[in-house]
2 protein chains.
Amino acid sequence: MSPEKRLAHYGDYSLEAAAARILERHRDRIRTRKPHVAVAKLAKIIEATLKLSNRLGFQAMSLRDLAEAAGLSMGGLYSYFDGKETLLVMILGEVSSAAEDLLAAAPEEVRDDPAAHLRWLIEMHILLSEAMQPFFVFAYMEAKSFPAPARKRAIASEAATEAIFARVLSDGAARGVFRVDDPHFAAALIKPLLQDWYVKRPKHARRGMSAEAYALGVSDFVLKALGAG
Amino acid sequence: MSPEKRLAHYGDYSLEAAAARILERHRDRIRTRKPHVAVAKLAKIIEATLKLSNRLGFQAMSLRDLAEAAGLSMGGLYSYFDGKETLLVMILGEVSSAAEDLLAAAPEEVRDDPAAHLRWLIEMHILLSEAMQPFFVFAYMEAKSFPAPARKRAIASEAATEAIFARVLSDGAARGVFRVDDPHFAAALIKPLLQDWYVKRPKHARRGMSAEAYALGVSDFVLKALGAG
DNA sequence: TAATAAATCGAGCGCTCGCTCGATTTTTAT
DNA sequence: ATAAAAATCGAGCGAGCGCTCGATTTATTA
C-alpha cells in the first residue's frame, strides 16, 4: 500500500480538511457564516500564510501581501481572524492536535511488539509531517514567537510526543527487546531525527530521498542504536 | 581536564575574542578607529543582539531596544554597522568560521582511529556550541531570513561540516570499524543530534544534563548505530 | 424583482520601524 | 590650556505596519 493510503486510514490531512477543523475550532471568531464559503477562503488564507511565512518568517509577512496572495482585501481578511496572532494560533493548534491524535492511534497489532510499535511511530510521524509539511515547518520555525499560552501548549504537546516514545522504549527495555539505560534520553534523541525530515527537506530532496526511505533509514539507525537491529 | 580547557586548546571562544575577530573581518565598515574601544562596544552590541534576538527573533528586535540594551544611542550604533542586515551577517560569519576551523583541527592521535575521530568531532562540536550557544542558536533560527549571499555561505558551511563527518564514516567503513551502507545519510542523521543540544537547551537543562554528558550519550548512541558500540 | 442579509472592499488612522545628520560631548595631541 | 580629532547623541524623516469602518458589491429570500 502506498504511504499516502496508509496515512489516510488514520485521518484526512489535506489542506481543506485542516481548514474545516480550524473553522470548527474557531467558529466564534470567524464572521463568515456559510461554512462552504468560509472553509474555501480559510484554506486559501492558510495556504498563503504558510507559503509566505516559510519564506521569510511570520513576522516579516505583511497582511497586505497575505491579502493579495489569498485573493482578498485587507478588510476581508478580518472576517476570518481578529488579529495576526490569531492566525498563528490557528495553524499551531492544527499541527499539535494532528500529531497528538495520530500517534495515540497505533493499531492493536503493533502495540504488543515494542520494535514494531517504535517503527510505526517513527514512520507515521514522518509520513504525517510529509503530508502536512508546511504546517510542521511553520510550527517549528515560529515556535519562539508564539504568545505565551500557545507556547505552553506547544511545549506540552512536544513533551507528550516524547513521552509516547519513552514509554515504548522502556516497555521494550523491560521485555529485553531494547538495550537502553535512559529511555527519556533516547526518546529525546529520536525527536530531532524526525524533525530533520521537514526542517531540512530541501537538502534531503536534493539527495533524492523519499519520506518512506528516510523513515526506514531512521528506524534502522535507531533500532541498531537500541541493540535491536 | 575540564571540557572548557580542552576546547580552549583550539581557540578562544569568549565573547570578546569573537568581537575582535568580527572587528577585523569588517574593519572597513566600522567607523570607530581605536580597536580597544571598538572591540568593547562591539562585544556589548553583539551580546545584546543575541539576547534580544533569541527571545523573539531578529526581525522583532528594534534598533531602539538594541541601542538601550547595548548602552548606546541610535546614531552610535551606526558607527559599528551600516545597516541591520550587516549585524546579522557579522554574527553568522563568526559562527561558521569558528565551526569550520575547529572541526578541521583534529589532533594527530585521533586521525588514525575512526571511532576516536568520530567521538572527537561529536564532542568538540557540542562543546563549541555550548561555549558559543547564543551564536549557534541565532545562526540556526535566523537562517531563513539570511540575505542570499550569507544563506549560500551558511549552506556551504553546513555541507562542509557534514562532509567531514561523512569522510570519517566512510574511512571507518573501509577499515571495517563501522557497518554503514550510506555514509552521507548517516552523517545527515548525526547533524540534528548535535544541533539539538543548543536548539533545545532549556529542555536538556531541565533534565540536569551537561554538555559533556550529552556528548557522551550521543557518541554512544551513534557508535552503537554504526555497529561499533 | 425588490428587499434583506452576507460578504467584501480599500482609503485612512495611529504607530513604530530603520536610518540620517548636524549638534554635542569626550578624548587625544600640541 | 587649547585646538583638533574621535566618538556619541537623539530629534526627525519617509515608509510600511496592523487594524478599522462606512461604503459597496454579491448572494439569498420573499
Side-chain angles (χ1 to χ4, degrees), chain A residues 19 22-23 26-46 48-49 52-53 55-91 142 145-147 150, chain B residues 19 22-23 26-46 48-49 52-53 55-91 142 145-147 150:
Chain A
I22 291 173
L23 172 62
H26 294 90
R27 220 186 263 287
D28 50 330
R29 293 174 186 239
I30 294 174
R31 274 207 299 273
T32 303
R33 304 309 340 157
K34 309 209 301 184
H36 73 280
V37 177
V39 168
K41 286 277 179 186
L42 200 54
K44 293 209 79 175
I45 291 172
I46 288 166
T49 300
L52 296 176
S53 287
R55 185 142 48 210
L56 289 172
F58 183 72
Q59 309 243 25
M61 174 192 74
S62 82
L63 292 185
R64 283 170 181 82
D65 286 346
L66 175 60
E68 193 186 340
L72 263 81
S73 66
M74 276 296 292
L77 283 181
Y78 276 80
S79 296
Y80 294 93
F81 50 75
D82 53 21
K84 203 184 178 191
E85 191 176 287
T86 299
L87 185 56
L88 188 148
V89 171
M90 285 174 168
I91 295 174
E142 306 300 337
S145 53
F146 288 166
Chain B
I22 290 173
L23 172 63
H26 294 91
R27 220 186 263 287
D28 49 329
R29 292 175 187 240
I30 294 174
R31 273 207 300 272
T32 303
R33 302 310 339 158
K34 309 212 301 184
H36 72 281
V37 177
V39 168
K41 287 276 179 187
L42 199 54
K44 294 209 78 174
I45 290 172
I46 287 166
T49 300
L52 296 176
S53 288
R55 187 143 47 211
L56 288 172
F58 184 72
Q59 309 244 21
M61 174 192 74
S62 83
L63 292 185
R64 283 168 180 82
D65 286 346
L66 175 60
E68 193 187 339
L72 263 82
S73 66
M74 275 295 292
L77 283 182
Y78 277 81
S79 296
Y80 293 92
F81 50 75
D82 52 21
K84 203 185 178 190
E85 191 175 287
T86 299
L87 186 55
L88 189 148
V89 171
M90 285 174 168
I91 296 173
E142 307 300 337
S145 52
F146 288 165

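Within every chain, numbering begins at 1; the chains are lettered A, B, ... in the order of the sequence lines, protein sequences first and strands thereafter.
The CE-P distance, from B/M74 to C/dT16, rounds to 14 Å in whole Å. Rounded to whole Å, atom C1' of C/dT28 lies 11 Å from atom NE2 of B/H36. Computed from coordinates, the A/L77 CG to C/dA7 P distance equals 15 Å when rounded to whole Å. In this structure, the CZ atom of B/R31 is 10 Å from the P atom of D/dA7, given to the nearest Å. Atom pair A/L88:CG and D/dG18:P shows a separation of 13 Å (rounding to whole Å applied). With rounding to whole Å, A/Y78 atom OH is found 13 Å from D/dC21 atom C1'. Distance B/L23 CG to D/dA7 C1': 15 Å, rounded to the nearest Å. Between A/I30 atom CD1 and C/dA7 atom P the separation is 12 Å, expressed in whole Å.
Note that CG of B/L72 is 9.0 Å distant from NZ of B/K44, once rounded to the nearest 0.5 Å. From B/L42, atom CG reaches atom CG of B/L87 across 8.5 Å, with rounding to the nearest 0.5 Å.
An OP1 or OP2 oxygen of D/dC17 is reached within less than 4.0 angstrom by a side-chain nitrogen or oxygen of A/S62. B/K34 has a side-chain polar atom (N or O) that falls below the 4.0 Å cut-off from OP1 or OP2 of C/dT28.
A donor-acceptor pair is defined here as one N or O able to donate and one able to accept, closer than 3.5 Å; no such pair exists between the side chain of A/E85 and the backbone of A/P147. In this structure a side-chain-to-backbone donor-acceptor pair under 3.5 Å is present from A/K84 to A/M61.
The side chain of A/T32 approaches C/dA7 more closely than any other nucleotide in the set D/dA7, C/dC19, C/dA7. Here the side chain of B/S73 is nearest to one of D/dT8, D/dA6, D/dC17, namely D/dT8.
In this model, a side-chain donor or acceptor of A/R64 finds a partner on the base of D/dG18 within 3.5 Å.
The residue B/Y80 sits close only to the backbone: its heavy atoms come under 4.0 Å of sugar-phosphate atoms, none of a base.
Looking at which nucleotide of DNA chain D each of A/G75 and A/Q59 is closest to, the 5′-most match is held by A/Q59.
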Query raised in the report: Between A/T49 and A/F58, does a side-chain contact (heavy atoms from CB on, under 4.5 Å) hold up when you go through it step by step?
Result: CA-CA 8 Å; A/T49 300; A/F58 183 72; 4.1 Å; yes
